[in-house]
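Here's the structure we're looking at; comments come further down.
Quick note on labels: first sequence line is chain A, next is B, and so on, each numbered from 1.
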Amino acid sequence: MPELPEVEVVRRGLDRWTTGRTIASAEVLHPRSVRRHAPGPADFAGRLAGRTVLAPRRRGKYLWLPLTAPDGTADEAVLAHLGMSGQLLVGEPDREREKHLRVRIAFADGGRDLRFVDQRTFGHLMVTDLVPDAVGGGKGPGLVPEPIVHIAADPLEDAFDAEAFFRALRRRKTGIKRALLDQSLISGVGNIYADEALWRARLHWARPTDTMTRAEAARVLEGAQDVMEAALAVGGTSFDSLYVDVNGDSGYFERSLDAYGRRDQPCRRCGTPIRRDEFMNRSSFSCPVCQPRPRRMR
DNA sequence: ACCGCAACCTGTACGC
DNA sequence: TGCGTACAGGTTGCGG
């Protein structure tokens, strides 16, 4: 459940169900799911046993569970990325094993367990150090997992710097959608919400960023913030059972999408059929009238 | 240093 | 029913 609102839905579920609990054991059923944990699956499991999990945090599409050190502070975390099809599910330990169960974490209290289920295995978990945050001049989470220090703040964080984002856009020689999908410029935005933000901002995906105005950048940013907050309010976007919260329930935002997946359906602003373009080996949906092609494409 | 694309996987939907 | 093709919401790593 890849984009920011869906990951935030999961974070909130974990906050309720795993915070303050002590891990009894972890079981890695598919090594690919911990491939970014360099010391390997056995080390991954060994590092979790006996640790207490603190309140989950998120930046963009990354989620992490801080782990307590002997003195009670957090120095490490379990970092999770759901990729295209990852799910973090919480439920009774004796329930059936999911077909694509990759990692199972059991708690010392014997209650609900935490499962990482991932059909396509693009997602991953790892145990990593927490290091001082690089963004936002101290307004960020304070400590962040080392592997994601290069990720930009997401637009729902206080630490997000709109002016810095604008300057970065102007420096780049690329199109606005590519920039929105670049997690080092702005994190949390994926293919769905990029299309939705651009529809709201009335900008074409290929609009070159090096000539964008402050007003255009502000429109895109506001579009992204508004659409992701609206999606979050109804549990995120899900087209099928692959994108669910920790209890396995789907969100309702699909019905509110204005551009994504609406090929040939009337634009909700002007009635013109929405077009689909090929872009980066995937799809881009936009209104041909509200979002006219720029003279120079990127 | 930057940009853009191919690769990594499994499953589903659809046309013939 | 079966087969082939296209497509799916993400990131990394490599070539240019």
#### Entry: Span that lies between the P atom of B/dG11 and that of C/dT11, in whole angstrom
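Comparing P positions in C/dT11 and B/dG11 gives a spacing of 22 Å.
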
Could you give the [atom1]-to-[atom2] distance, from [X] to [N], as a whole number of Å?
{"X": "A/K177", "N": "B/dG4", "atom1": "NZ", "atom2": "C1'", "answer": "15 Å"}
{"X": "A/Y243", "N": "C/dG10", "atom1": "OH", "atom2": "P", "answer": "9 Å"}
{"X": "A/R36", "N": "C/dG10", "atom1": "CZ", "atom2": "P", "answer": "16 Å"}
{"X": "A/D118", "N": "C/dG10", "atom1": "CG", "atom2": "P", "answer": "13 Å"}
{"X": "A/I148", "N": "C/dT11", "atom1": "CD1", "atom2": "P", "answer": "11 Å"}
{"X": "A/E98", "N": "B/dG11", "atom1": "CD", "atom2": "C1'", "answer": "17 Å"}
{"X": "A/M297", "N": "B/dC3", "atom1": "CE", "atom2": "P", "answer": "18 Å"}
{"X": "A/Q87", "N": "C/dG9", "atom1": "CD", "atom2": "P", "answer": "17 Å"}

### Query
Starting at the 5' end of DNA chain B, what dot-bracket string do you get if Watson-Crick and G-U pairs under 3.5 Å are bracketed, crossing pairs use [ ], other-strand pairs use | and unpaired bases use dots?
.|||||||.|||||||

Looking at [N], I'd like to know if its phosphate oxygens (OP1 or OP2) sit under 4.0 Å from a side-chain N or O belonging to [X].
{"X": "A/T174", "N": "B/dC2", "value": "no"}
{"X": "A/R298", "N": "B/dC3", "value": "no"}
{"X": "A/R282", "N": "C/dG10", "value": "yes"}
{"X": "A/S283", "N": "C/dA8", "value": "yes"}
{"X": "A/R120", "N": "B/dG11", "value": "no"}
{"X": "A/K99", "N": "B/dT10", "value": "no"}
{"X": "A/Q183", "N": "C/dT11", "value": "yes"}
{"X": "A/H81", "N": "C/dT12", "value": "no"}
{"X": "A/K61", "N": "C/dT11", "value": "yes"}
{"X": "A/N281", "N": "B/dA6", "value": "yes"}

### Message
When you measure from the side chain of A/R219 to the backbone of A/A201, do you find a donor-acceptor pair of N or O atoms at a distance under 3.5 Å?
### Response
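Yes, because the side chain of A/R219 sits within donor-acceptor range (under 3.5 Å) of the backbone of A/A201.
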
Roughly how far apart are [X] [atom1] and [Y] [atom2], rounded to 0.5 Å?
{"X": "A/M228", "Y": "A/T237", "atom1": "CE", "atom2": "OG1", "answer": "11.0 Å"}
{"X": "A/I274", "Y": "A/T272", "atom1": "CD1", "atom2": "OG1", "answer": "8.0 Å"}
{"X": "A/F253", "Y": "A/Y193", "atom1": "CZ", "atom2": "OH", "answer": "6.0 Å"}
{"X": "A/R11", "Y": "A/D245", "atom1": "CZ", "atom2": "CG", "answer": "13.5 Å"}

Per [X] side chain, nearest of listed nucleotides [options]:
{"X": "A/P2", "options": "B/dC3, C/dG10, B/dG11", "result": "C/dG10"}
{"X": "A/Q119", "options": "B/dT10, C/dG10, B/dC8", "result": "B/dT10"}
{"X": "A/R178", "options": "C/dT12, B/dC5, C/dG9", "result": "B/dC5"}

### Task
Check the pair A/D133, A/R59 against salt bridge (charged side-chain N to carboxylate O under 4.0 Å, His left out), reporting the backbone distance first and the verdict last.
CA-CA 11 Å; A/D133 193 1; A/R59 166 163 285 166; 2.9 Å; yes

### Task
May I ask you to say whether A/R47 pairs ionically with A/D43, meaning some side-chain N is under 4.0 Å from a carboxylate O?
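Salt bridge present between A/R47 and A/D43.
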
Looking for any heavy atom pair under 4.0 Å, which part of the strands does [X] touch: base, sugar-phosphate only, or nothing?
{"X": "A/R102", "value": "nothing"}
{"X": "A/R276", "value": "sugar-phosphate"}
{"X": "A/Y260", "value": "sugar-phosphate"}

### Task
Report yes or no: is the ring centroid of A/F122 under 5.5 Å from the six-membered base ring centroid of B/dC8, with the two planes under 30 degrees?
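It does: the two rings, one from A/F122 and one from B/dC8, meet the stacking criterion.
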
### Task
Could you tell me whether the side chain of A/I151 reaches within less than 4.5 Å of the side chain of A/Q183, counting heavy atoms only?
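When only atoms from C-beta onward are counted, A/I151 and A/Q183 do touch, with a gap below 4.5 Å.
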
### Query
A/H81 and ring-ring contact (aromatic ring centres under 6.0 Å, His included): which partner among A/F116, A/W64, A/Y62?
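It is A/Y62; the other options fail the test.
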
### 5'-most by nearest nucleotide on DNA chain C - A/I192 or A/Y62
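Between the two, 5'-proximity favours A/I192.
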
